[in-house]
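Letters A, B, ... mirror the listed sequences (proteins, then strands); counts begin at 1. Note that the structure is a prediction, hence the values are computed from the model and not measured. Heavy atoms only: backbone and side chains are in, while hydrogens, waters and symmetry mates are out.
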Amino acid sequence: MADGNHLYLVDGSSYIFRAYHRLPPLTNRHGQPAGAVYGYTAMLWKLADSLHKADGPTHMAVILDASEHTFRNEMYDQYKAQRPPPPEDLVPQFPLIRTATRAFSIPCIEEKGLEADDIIACYVTAAKAAGWKVTIVSSDKDLMQLIDDGAEGGPAVDMLDTMNDRRMDRAYVEAKFGVGPELVGDVLALMGDSVDNVPGVPGIGPKTASKLIIEHGSLEAVLASAESIKQPKLRQNLIDHADNARLSRKLVELVCDANLPEPLEDLALKGIPPEPLKAFLEDQGFKTMLSRLTGGAPAAGRSSSGGGLDLAAASIATKPAAPPEPKAITVDRSKYETVTDEVALDRWIDDARTLGLVAVDTETDCIDCVIARLAGISLAVAPNRACYIPVGHSGADLLSEAPDQLPMALVLEKLKPLFEDPAVLKIGHNFKYDWVMFDKAGIDVAPVDDTMIMSFDLEAGLHGHGMDELAKLHFDHECIPFKQLCGTGKSQITFDKVPLEDATEYAAEDADITLRLWQRLKPRIASETVTRVYERVDRPLVATIGRMERRGIKVDRDYLAGLSKDFSEEIARLEERIYMAACGPFTIGSPQQLGEVLYGRLGLKGGRKGKSGQYSTDVNELERLAGEGVECARLVLDWRQLTKLKNTYTDALQAQINPETRRVHTSFSLSGAQTGRLSSNEPNLQNIPIRTEVGRKIRDAFVAEPGNVLMSADYSQIELRLAAHMADVPQLKQAFRDGADIHSMTAEELFGSSDRDNRNKAKTVNFAILYGISSWGLAGRLGIGRDEGKAIIDRYFERFPGIRLYIEQTLQFARENGFTRTLFGRKTHFPNIRASNPSFRAGAERAAVNAPIQGTSADLIKRAMARMDGALAAADLDGVKMLLQVHDELVFEVPEGREEEAAKVVRDVMGSAAEPSLKLDVPLDVEVGWGEHWGAAH
DNA sequence: GACCTCACG
DNA sequence: GACGTACGTGAGGTCG
């Protein structure tokens, strides 16, 4: 029902100027100019205040000017031409307007080529059509054209100036201009506007303009009867400048039929979550509003109970973030189109260009994008308006002919300008895959949005981010399962063999759903304050990681084969000895059988484990037995290590070598790890052995191309450094600044000595802190009693009180909000933080303590990665290739002779990754090494 | 597919 | 005092 809906449209751009001129040059906590931001924030606060009052907003948006250049400049090149540049201390405040708006969880809308006034006009038109009341928060006279008293049965449109609480309606307009809103444009055209450089007619000001329009009824009527005007000067001016008057009329005309950047319904106000607002007010140091928000003393003139301000109450109502409520949609697959001729293709491309955005999905014959061949491309421009362009389909079998389709080269040639057009946003789901497919075709797709990453940045920890799962979650819609088209197992066919009708339904649906997900998620990126992490950290990695995956890394197959052979011989020898020691053969790899052998047949004593009632045979147990002199346990440990290395690394890695590139191409997942880390799969190159001597040999198999070396650069102790900064521990921060051995220093603080034993103990304690400590856990690790473990932790907290405070505050925040944030704003959700099961809850608490630290570390290296290719190119080091990321390490292939230069750039980029967003209290040390293989680069 | 084990940061 | 025995991953094995 439209009944009762009331949309508030805030003219943000004009507000900021007024606030700037009205308020003294205040500065915020960081010493930056913030007077205008303060005034703007106060205005939003006032509006938020009216949220629950009669006639208050049910929907709201802030509208901003996106760009200087608009269609009005096309019409008249002098438009706004002599407007002076904004004052120097206002410029840095512009971006903060968006930050402030997001802090209130109010959508912020801007659109290239349109002025804020036009966007407002479009929303007013749409809202009126929907039967909604509208209030424009502005005092711009141009916007007065939109005022409507609803006399003709439609909803009313009025304006509000929060600076003097003035409501402007039709009567106000008539008093001001002498005419109704419908003729305001005509008056303005005659008057002109010196600020916007709208010419108007010389010698005509507001009074004369208004008088002329009242007399003649319209601008055209005034111009038509110009000859008969008595005053000679006025008559001559009207005749001489009639064209200027007509041009001015067009300039003041508001566009009201453009597409809405965000649908009306998405502007619904669902209350204002206090958490982001609090963070913003704190950051800016706006203390009065902060104290009002947190329930402190109300500002003068306000009663804490009487006001409509519900922000404090909202903080009580805050519940841990939950998955979104599904919104019903209708997917009509019969509307999808199969594009097999040029005319149709051109039409789709035109539509995408006009709209300025398009959802894109590729279908291929293989899950590995490095070798996959394109089968087809789907596009979507609006819900249910999607198409599939087959380009690589063949017949279902050798006997059948390939279906009719456009040549791949032609389609790619036509799509290239669209996909590279900076004015058209390309939206994908897991776009890295598609980005690589197009990169292979010589198309550098940009700009992009990725709905998988958007979902991850909004709701990590709440659910997965695959398209099928999100379709179900957001729209209660079941996508066609891939299996249904291609089958499974042996009878599975590749996508290029799927008949076009079926392929179209499946592929176009993917693009369609992607577009709808984008419409739903995009506004939340800003309103839930994950813009920085999305735009500056995660989204840039689509292309960066796409390039890394395409490059792959070279491995020495012969060397691996040699290792495999050595390992199998040793494994065979071990097996014989194990059978001897165990009095007969059994399946060593079966923990169940091994348990029976050790604790049954050999009669050793040990503990049961878990629900399955099975003996535990993990390293800890076997080490214990081996320490007690059980030879069989020692042998099994060796056997396990070698079979692991052989199966997981030496054998598997050889099989992973891409026959075309002769290199190994891992796939990095951008949404795999809840904390924001990357993960690597097929093969996982983030867990190549290094800790043991035998395992380390596998690193030597990773080599550089002839004429190159492998370079490794890793952050030293990054998580401890971040913990020192985030928990604000002076001794730890100083130790890092001094380049001291942090574990020895901790040992000195805790035990008064840093001999080897104490240093090791301190090291364990340091890690325990990062992982969310428990006295039991620490005691278990150190092999000491619970009480002793507790004593050490107490001592740690006593020496480093900031750590205890950090843990308490992090947990409190997580309990209140259901998530934690990194220094860059990345959210990780912990639905179990309030679980009634103490074990679940404790697990969530440990993870919540760790997530901001691990996640900030992940943010940092991602920021470094996003900047790396550009920094290398700028230093004329295009030959240096970033190949791998292993959480705190980056691996490069570097032309021989360029090592020192490359090391410098890499060290600089990694070391300054926090800047300019953050200033860390600890240095980020980067250790760089190189050699002919990975093993030698450390 | 669940479970165990183990490779990495 | 119970809870469980550190955070985050991916992969290969056995077993049902």
Side-chain angles (χ1 to χ4, degrees), chain A residues 460-461 586-595 607 609-622 636-637 639-649 651-653 655-656 666-669 671-692 694-696 698-699 714-720 723 764-783 786 789 793 820 828 830 835-855 857-858 861 884-889:
Chain A
F586 65 100
T587 309
I588 308 171
S590 162
Q592 193 192 344
Q593 290 190 32
L594 178 62
K609 199 46 177 234
K611 303 134 221 161
S612 52
Q614 200 177 305
Y615 289 113
S616 169
T617 64
D618 65 14
V619 258
N620 294 324
E621 288 300 303
L622 294 185
V636 169
L637 279 169
W639 181 90
R640 280 216 182 132
Q641 181 181 28
L642 291 180
T643 50
K644 173 83 178 180
L645 292 177
K646 180 173 184 292
N647 291 331
T648 313
Y649 301 105
D651 288 356
L653 227 37
Q656 292 280 357
T666 183
S667 171
F668 287 102
S669 167
S671 58
Q674 320 264 311
T675 52
R677 274 189 177 181
L678 301 181
S679 72
S680 155
N681 59 33
E682 286 182 272
N684 182 351
L685 295 186
Q686 289 181 322
N687 70 347
I688 302 302
I690 192 168
R691 291 172 185 172
T692 67
V694 204
R696 245 188 135 102
I698 291 164
R699 295 230 158 189
D714 67 282
Y715 283 117
S716 156
Q717 309 271 27
I718 187 155
E719 292 195 4
L720 270 176
T764 302
V765 179
N766 275 332
F767 277 104
I769 298 296
L770 299 181
Y771 294 152
I773 202 160
S774 82
S775 50
W776 274 103
L778 182 65
R781 279 278 156 147
L782 290 176
R786 210 208 120 143
I793 292 172
T820 60
T828 303
F830 298 93
S836 51
N837 179 330
S839 155
F840 287 3
R841 198 171 60 238
E845 287 174 353
R846 291 193 299 270
V849 168
N850 176 253
I853 301 170
Q854 188 182 119
S857 157
I861 196 163
L884 300 177
Q885 188 250 45
V886 193
H887 311 309
D888 64 358
E889 173 188 10

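Listed nucleotides: C:dG8, B:dT5, C:dA6. Nearest to the side chain of A:Gln854: C:dG8.
A:Glu719 has its CD atom 12 Å from the C1' atom of C:dA6, to the nearest Å. Distance, A:Leu720 CG to C:dC7 P: 17 Å, rounded to whole Å. Between the CZ atom of A:Arg696 and the P atom of B:dA7 there is a distance of 15 Å, rounded to whole Å.
For A:Phe586, the CZ atom sits in a packed shell: over 12 heavy atoms of surrounding residues, nucleotides or ligands are nearer than 6.0 Å. Shown here is A:Gln656, whose CD atom has more than 12 heavy atoms of other residues, nucleotides or ligands within 6.0 Å. Summarising the local packing, CZ of A:Arg696 is surrounded by 12 or fewer heavy atoms from other residues, nucleotides or ligands at distances under 6.0 Å.
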Handout entry: Protein-to-nucleotide contact annotation, 5' to 3' order, nucleotides 9-16 of chain C [B base; S sugar-phosphate only; - none; under 4.0 Å, heavy atom]
Key = SBSSSSS-

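Dashed line: the shortest gap from a side-chain N or O of A:Arg781 to OP1 or OP2 of C:dT5 is not under 4.0 Å. When the side-chain nitrogen and oxygen atoms of A:Arg677 are compared with OP1 and OP2 of B:dG9, none of them lie within a distance under 4.0 Å.
Among the heavy atoms of the strands lying under 4.0 Å from A:Thr764 is at least one base atom, whether or not backbone atoms are also near. Residue contacts for A:Val849: at a heavy-atom cut-off of 4.0 Å it reaches no nucleic acid atom on any strand shown. Counting non-hydrogen atoms under 4.0 angstrom, A:Ile688 reaches the backbone sugars and phosphates but no base. Nucleic acid contact class of A:Arg841 (heavy atoms, under 4.0 Å, all strands): none. Here A:Ile690 lies in heavy-atom contact (under 4.0 Å) with sugar-phosphate atoms only.
We find that the ring of A:Tyr771 and the base of C:dC7 stack, their centres lying under 5.5 angstrom apart and their planes tilted less than 30°.
Remark: the backbone N or O of A:Ile853 is not paired with any side-chain donor or acceptor of A:Asn850 at under 3.5 angstrom. Checking side-chain atoms of A:Ser680 against main-chain N and O of A:Phe668 turns up no donor-acceptor pair under 3.5 Å. In terms of modelled atom types and a separation under 3.5 Å, the side chain of A:Thr675 and the main chain of A:Ala851 share no donor-acceptor contact.
Summarising the geometry of A:Ile698 relative to A:Pro689, their closest heavy-atom pair is CD1-CG, 4.0 Å, with the distance given to 0.1 Å. When every heavy atom of A:Ile718 is checked against every heavy atom of A:Ser857, the shortest pair comes out as CG2-OG, 3.6 Å.
Evaluation of atom-type donor-acceptor distances gives no pair under 3.5 Å for the side chain of A:Arg846 against the base of C:dA6.
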Handout entry: Bracket notation of DNA chain C in which parentheses pair within the strand, [ ] cross earlier pairs, and | pairs with another strand (Watson-Crick or G-U, under 3.5 Å)
Key = ......|||||||||.

